[in-house]
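Okay, so here's the structure we're looking at.
Everything numeric here is computed off the predicted structure, so don't read it as measured data. Throughout, protein chains are lettered first and strands after them, A, B, ... in sequence-line order, and every chain is numbered starting at 1.
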Amino acid sequence: MIEKSYKKDEWQGALAKLAKESRVIAPVNGGTHSVFKTLEEGDVPDFKSSKTRLSPKSVVFPQSERMFEYSLDEESEENGILKEAKKDYAEKFVAGIRPCDARSFKLVQVNFDTPTYKDPWWINNYESTTFIGQACNKACSTCFCTSTGGSPFGEEGLDVVTVDMGDSFLVKSVTDKGEKLLNTIGGGADATDDMKTKVAELEKAAVASVKSEIKTDNLKELKETDLFEADFWKDTFDGCINCGGCTFSCPTCWCFDIQDEVQKKEGDRIRNWDSCMFPLFTKHGMGHNPRDQKFQRIRQRFMHKLKYYPDKYDKGIMCVGCGRCVEVCPANIDIRRVAELMNNYSK
Amino acid sequence: MVNYTDKIRETAKRLLNDGTVDTFIGYRKGSLPFVNNPAIIHNAEEADELVWDSNCALNLCNYLTNRTDKIGVLATGCNSRNIAMHLKENKIKREQLVIVGVPCTGMVDHRAVKGMVDGEILEVTEAGEEITVKGDDFEKTFKTADVLQTNCQTCAHRNPVIFDELVADEVPELDGVNQYADVEAVEAQSDEEKWQNFENIFESCIRCYACRNACPLCYCPTCFVDESKPQWVGKSTDPTDTMTFHFLRAFHMAGRCTDCGACERACPVDIPLRYLTKKLNKDAKDIYDYESGTNVEDKALLDTYKPTDLNDFIR
Amino acid sequence: MMKSTNVYLPYPVKIEEIIVETVDRGLRTFKFTFLNKEDEEAFAFMPGQFAEISVPGYGEIPIGIASSPTEKGFLYFTVQKVGSVTSYLHNMKEGDILGLRGPLGNYYPWEEMKGKNVVIIGGGCAFSTLRSSIVYMLDPANRSDYGDIDVVYGARSMDHLIYKDEIISWTKRDDINMHITVDAFLKNDVKPEWRCSQGFVPSIVEEKIKTGDNTMAIVCGPPVMIKFTRPILQKIGFTDENIILSLENRMKCGVGMCGRCNCGSKLVCHDGPVFTLAELNEMAADL
Amino acid sequence: MEKEMQEWQPKIVAFLCNWCTYGAADLAGVNRLQYPPNFKVIRVPCSGRISPKLILAAFRNGADGVWISGCHPGDCHYIEGNMYARRRFTLFRSLFKHIGIDERRLHFSWISAAEGIKFAEVANDIVKTVKEVGPAKQLIKEKAQVA
């Protein structure tokens with residue numbers, strides 16, 4: 001493990017240098033929010049604002065991703081034969097990712113990297129990415145990572161973690177991948193014991209700054225079918241307008257759709273993010289839709305996150321407590337409130 | 001407008017208690033500053049949860065489409081125009097509705113306010129014509145009129161156009177504002193500039209369809225983006241597909257959009273969606289002297305014609 | 001299990017033959033052969049599984065495999081013309097190339113059924129995986145593993161019965177009891193020389209199936225048929241563990257990743273499509 | 001370059017009403033009137049049938065211009081289809097302009113089945129105009145720009 005201290009300028013400079021050679025994705029100020037983007041000449045990463053508008057899940061799982069290409073030219077020998085689209089899996093770096101977002105990849109991994117089936121694109125993308133995390137010194141009012149199993153200083157899913165110490169960053173490697181990166185970057189000064197003590201203090205303060213929580217302690221005991229049939233689903237969530245804002249901004253929502261597109265004689269098979277909020281998500285070809293009603297779709301989203309996922313994988317809830325869905329929702333459907341209703345439910 | 005709250009609760013209670021309505025639709029305090037939670041309540045006890053302030057921007061007309069019960073609904077100027085459009089388009093019957101009119105002085109643009117302070121806003125309080133925002137280490141007061149949503153700044157119908165009762169006296173309509181100054185500015189631009197605007201504006205779209213779903217008039221059972229035979233628009237984030245979606249969505253609003261701003265408010269990536277619909281509104285006004293939803297009797301703009309309609313662009 | 005390196009990459013297959021099953025031409029059975037011999041070996045399946053038929057330019061559809069693993073060298077899929085993919089598929093010609101991805105999902109519990117009687121109950125076009133099962137059990141190598149086989153199969157009319165020739169040949173065998181029924185005989189239907197009753201599937205089940213002892217029932221058909229057959233099977237004496245159902249839901253990936261086909265915490269494509277009624281009772285299912 | 005432009009022929013999708021302009025096109029043919037072959041004609045039952053989706057679909061698939069032609073006001077086979085269409089086209093054209101696409105790519109006309117000469121004239125003029133504007137570059141759906 002390497003633990004070093006970098007002056008802020010030095011660290012930014014090191015990242016800028018890294019960005020010249022490889023793809024570095026970091027939050028950049030984009031007006032009202034900062035957004036993750038690939039650093040280009042002149043971009044200055046914004047390590048101050050705590051939450052980007054959208055999570056960086058698209059780095060590993062792009063919103064639209066070409067899977068296969070094919071020709072529909074009847075003259076051609078290759079007519080109708082699918083070929084894998086060419087991909088660039090060169091090493092890339094995500095800097096300034098918050099512990100909650102980094103942890104989300106670990107929660108999503110169990111879906112794409114299973115004992116029976118492997119999703120090649122997700123896995124290749126994930127494995128070629130090095131995550132340089134930025135610990136949160138202070139939580140936002142909508143953050144509740146500590147009650148989902150994470151922490152503002154959490155290291156799960158990170159290769160390197162950095163802590164803002166005022167005028168410098170304390171940089172620590174978590175994995176071998178991270179150690180390799182820090183060796184390449186070089187520079188910095190060895191971390192002193194004073195610094196380590198200060199980090200511990202900062203961590204304590206950061207954890208204490210998380211004021212909000214999600215209550216899910218009872219959910220394990222409750223029966224899936226009982227919760228499913230609970231009466232609050234129908235009554236409480238009339239306000240939802242079924243936009244996909246929550247699912248698209250959520251770092252742990254992974255559902256996708258597969259679409260074929262043809263331009264002239266060239267075809268593409270593309271996968272796109274999909275959302276359980278859309279009626280089309282489950283509509284059968286025959287016209288029947290098992291989740292025809294708004295409340296059924298809401299129920300699916302929250303049951304999946306808070307009940308099905310924890311029961312199936314035993315990794316806790318499928319939520320890292322970033323609070324983005326709470327902020328984005330135009331109708332103020334708040335996952336903390338939904339969890340409370342579910343948690344307090346008794347038959 | 002905060003002083004409407006008591007009257008609204010009282011009205012809701014009365015209507016629910018005497019059985020005039022089965023359901024009352026209003027707002028309840030949200031869990032975050034600047035957001036209220038639409039409340040669809042069925043009994044008088046819940047009426048005490050209802051509130052009114054300058055954050056009631058999600059259009060309640062969304063919840064009326066195809067309902068069959070008797071409903072009391074709060075309606076500001078733009079909301080009432082949406083109700084009028086619903087009545088015109090037979091999405092609900094007039095006798096089902098008790099429209100409780102709310103004279104409105106505009107809704108606060110939370111993005112603008114957030115941009116004016118340094119730090120996270122934890123609390124918003126409203127008193128009289130002012131709002132005060134508080135964070136960990138700051139407190140700032142704004143005149144509500146200075147931080148209104150852009151559509152509210154130039155609103156032409158602040159008072160409900162149809163209602164059964166009002167919760168307060170009508171407010172004065174805005175005087176001497178040019179509703180379409182921004183559209184005029186764009187009209188003066190070259191084609192290249194216009195195209196550039198169009199590309200830039202919709203570049204960040206994530207195709208979550210929040211704009212469509214937040215719009216009270218987007219109620220088609222199957223939206224054209226979801227149609228598969230034929231498939232009009234691709235579903236990826238390809239820029240051409242995104243632009244096609246927004247162009248067609250806007251066009252479906254022609255002669256219907258009431259400029260309520262629900263689409264912009266709902267957009268998670270701050271796209272100024274009214275860029276297109278406002279142009280259509282302006283054309284409707286300029287060419288046909290038509291404003292959507294200002295009354296129930298008129299037919300919708302594209303549902304009628306005059307033999308003398310503009311013809312000079314047709315050979 | 002799929003052996004291909006990329007789980008989304010279909011094997012290329014050729015349409016060898018197209019059989020029009022019904023008079024309204026809404027149902028066709030496609031006979032596919034693999035272009036590459038090694039793909040065929042990789043595609044080892046059991047009756048009850050499905051595959052994604054991949055039509056380039058249109059998309060993929062999950063369809064139950066209608067042929068049996070005992071039939072070598074080809075695969076059958078019976079497809080109803082419904083949406084854009086199936087409509088295009090119905091317009092394809094013999095010799096056309098498309099893709100096939102699978103086998104996917106689980107299958108009927110063949111091990112558990114060994115030594116037991118089997119009742120197969122099917123309705124309409126959902127008979128495909130049941131055909132696969134019957135052919136599998138009737139194979140001389142497997143027949144002795146199972147006790148009495150009863151088949152109750154119903155369709156709207158004579159015209160809507162699929163695999164008619166095969167069904168007729170089975171009615172003549174003595175190692176399987178066929179109970180074919182149609183909802184109604186139409187005016188110009190010629191009454192077949194083989195026995196075909198008139199009535200809905202549940203009532204035929206009640207009439208023909210005598211006991212649920214040491215018997216497992218495989219039920220596959222439209223929801224309404226399942227709904228009314230269920231209580232009858234329970235009345236006859238089938239336990240929920242012995243009633244086997246095959247579910248269907250909208251699917252995209254077929255390998256448990258795209259997230260839409262779940263019933264509670266179970267994914268129909270990956271943990272299913274075959275569930276016992278006992279399992280289904282414990283699932284939070286939007287159906 | 002100049003020469004290339006001279007040789008470039010625009011692709012124009014023409015939605016022609018079955019009851020009038022389509023007949024006019026026939027008549028122009030029968031009368032051996034000269035008009036350019038740049039049109040892909042799609043016969044529609046009425047100009048009122050034209051949805052903005054169809055116009056955009058033409059542009060998305062690479063049309064350089066779109067021409068919609070129906071019956072003169074008052075002559076609609078369905079009494080008033082073209083009157084509704086007229087309002088729709090007015091607004092469509094305006095919004096089209098607003099996003100920065102040259103309005104000279106969009107053409108509308110009323111041509112009755114007897115007006116073979118007008119058909120040929122308008123057709124010639126449309127090709128000339130669209131040629132002036134040049135090949136379309138906007139809103140064309142090409143291979144998806146995705147990851």
Side-chain angles (χ1 to χ4, degrees), chain B residues 183 186-187 189-199 201-202 224 227 230-241 243-248 250-255 275-280 282-284 286-288 290 301-315, chain D residues 47-48 51-57 59-60 67-70 72-74 76 80-111 115 118-119 121-122 125-126 133 137-147:
Chain B
V183 183
V186 177
E187 281 168 347
Q189 291 177 340
S190 70
D191 280 352
E192 287 72 36
E193 287 170 306
K194 287 180 190 170
W195 179 255
Q196 205 57 52
N197 289 344
F198 183 54
E199 273 188 326
I201 287 175
F202 294 105
F224 69 92
E227 282 174 347
Q231 188 162 341
W232 301 102
V233 192
K235 302 215 167 181
S236 68
T237 46
D238 180 67
T240 305
D241 287 328
M243 289 190 282
T244 311
F245 161 64
H246 284 288
F247 183 89
L248 280 174
F251 193 75
H252 283 181
M253 291 297 123
Y275 181 79
L276 297 175
T277 50
K278 231 181 146 184
K279 166 70 179 166
L280 288 166
K282 178 170 181 285
D283 285 344
D286 290 354
I287 303 172
Y288 301 107
Y290 181 91
L301 179 67
L302 294 183
D303 197 18
T304 183
Y305 65 89
K306 283 199 188 105
T308 54
D309 278 344
L310 182 75
N311 196 48
D312 58 7
F313 66 98
I314 304 177
R315 293 163 202 253
Chain D
S47 50
S51 149
K53 289 188 275 200
L54 296 172
I55 306 177
L56 276 194
F59 283 111
R60 279 168 57 86
W67 175 22
I68 294 161
S69 186
H72 285 277
C76 178
E80 50 187 13
N82 54 358
M83 301 290 234
Y84 292 115
R86 183 163 63 183
R87 285 201 162 189
R88 210 180 302 148
F89 298 149
T90 310
L91 293 177
F92 184 86
R93 188 167 159 269
S94 165
L95 193 64
F96 211 58
K97 218 163 119 179
H98 193 64
I99 65 167
I101 301 182
D102 201 309
E103 59 185 319
R104 287 174 296 170
R105 295 194 187 282
L106 261 181
H107 295 269
F108 302 92
S109 62
W110 305 137
I111 300 176
E115 294 174 314
K118 182 175 177 187
F119 179 88
E121 278 170 15
V122 174
D125 187 57
I126 289 175
V133 191
K137 293 192 181 66
Q138 293 145 315
L139 274 190
I140 302 175
K141 171 74 183 174
E142 276 155 358
K143 197 175 171 69
Q145 292 178 34
V146 297

Report the option among [options] that has the most heavy-atom pairs separated by less than 4.5 Å from atoms of chain D.
options: Leu310(B), Ile201(B), Asn197(B); answer: Leu310(B)
options: Leu276(B), Asp241(B), Ile287(B); answer: Asp241(B)
options: Met243(B), Lys306(B), Glu187(B), Glu193(B); answer: Lys306(B)
options: Thr240(B), Val186(B), Val233(B); answer: Thr240(B)
options: Pro239(B), Gly234(B), Ser236(B); answer: Pro239(B)

Among [options], single out the residue with the greatest number of heavy-atom pairs under 4.5 Å to chain B.
options: Thr90(D), Asp102(D), Val146(D), Ile111(D); answer: Thr90(D)
options: Leu56(D), Ile68(D), Val122(D); answer: Leu56(D)
options: Lys53(D), Glu80(D), Met83(D); answer: Lys53(D)

Examine whether an atom of [X] lies under 4.5 Å from a heavy atom of chain B, and if so say whether it belongs to the side chain, the backbone or both; otherwise answer neither.
X: Leu95(D); result: both
X: Ile140(D); result: backbone
X: Phe59(D); result: neither
X: Lys118(D); result: side chain
X: Ala144(D); result: both

Which portion of [X] sits near chain D, non-hydrogen atoms under 4.5 angstrom:
X: Glu227(B); value: side chain
X: Pro230(B); value: neither
X: Ser190(B); value: neither

(request) Of all the heavy-atom pairs spanning Lys194(B) and Gly100(D), show the shortest one and how long it is. (result) CB-CA, 3.5 Å
(request) Please report the shortest heavy-atom distance between Cys76(D) and Gly81(D), naming the atom on each side. (result) SG-N, 3.3 Å
(message) I'd like to know if the side chain of Arg86(D) reaches the main chain of Asn311(B), judged simply by a donor and an acceptor atom lying under 3.5 Å from each other, with no hydrogens or angles considered.
(response) no
(message) Is there a side-chain contact (heavy atoms from CB on, under 4.5 Å) between Trp195(B) and Ile101(D)? Walk through the geometry before answering.
(response) CA-CA 7 Å; Trp195(B) 179 255; Ile101(D) 301 182; 4.1 Å; yes
(request) Compute the centroid of each ring, for Trp232(B) and then for Phe247(B), and state whether the two points are separated by less than 6.0 Å. (result) no
(request) Have a look at His98(D) and tell me which of Tyr275(B), Phe251(B), Phe198(B) forms a ring pair (Phe, Tyr, Trp, His ring centres under 6.0 Å) with it. (result) Tyr275(B)
(request) Find out whether Ile126(D) and Arg315(B) are in side-chain contact, i.e. whether some heavy atom of one side chain is under 4.5 Å from a heavy atom of the other. (result) yes
(request) Check whether any side-chain heavy atom of Trp110(D) lies under 4.5 Å from a side-chain heavy atom of Ser47(D), and answer yes or no. (result) yes
(request) Kindly indicate, with the supporting measurements, whether the criterion side-chain contact (heavy atoms from CB on, under 4.5 Å) is fulfilled by Glu103(D) and Phe313(B). (result) CA-CA 10 Å; Glu103(D) 59 185 319; Phe313(B) 66 98; over 6 Å; no
(message) Quick one, Thr304(B) with Arg87(D), criterion side-chain contact (heavy atoms from CB on, under 4.5 Å). Give me CA distance, side-chain angles, the key distance, then yes/no.
(response) CA-CA 9 Å; Thr304(B) 183; Arg87(D) 285 201 162 189; 3.6 Å; yes
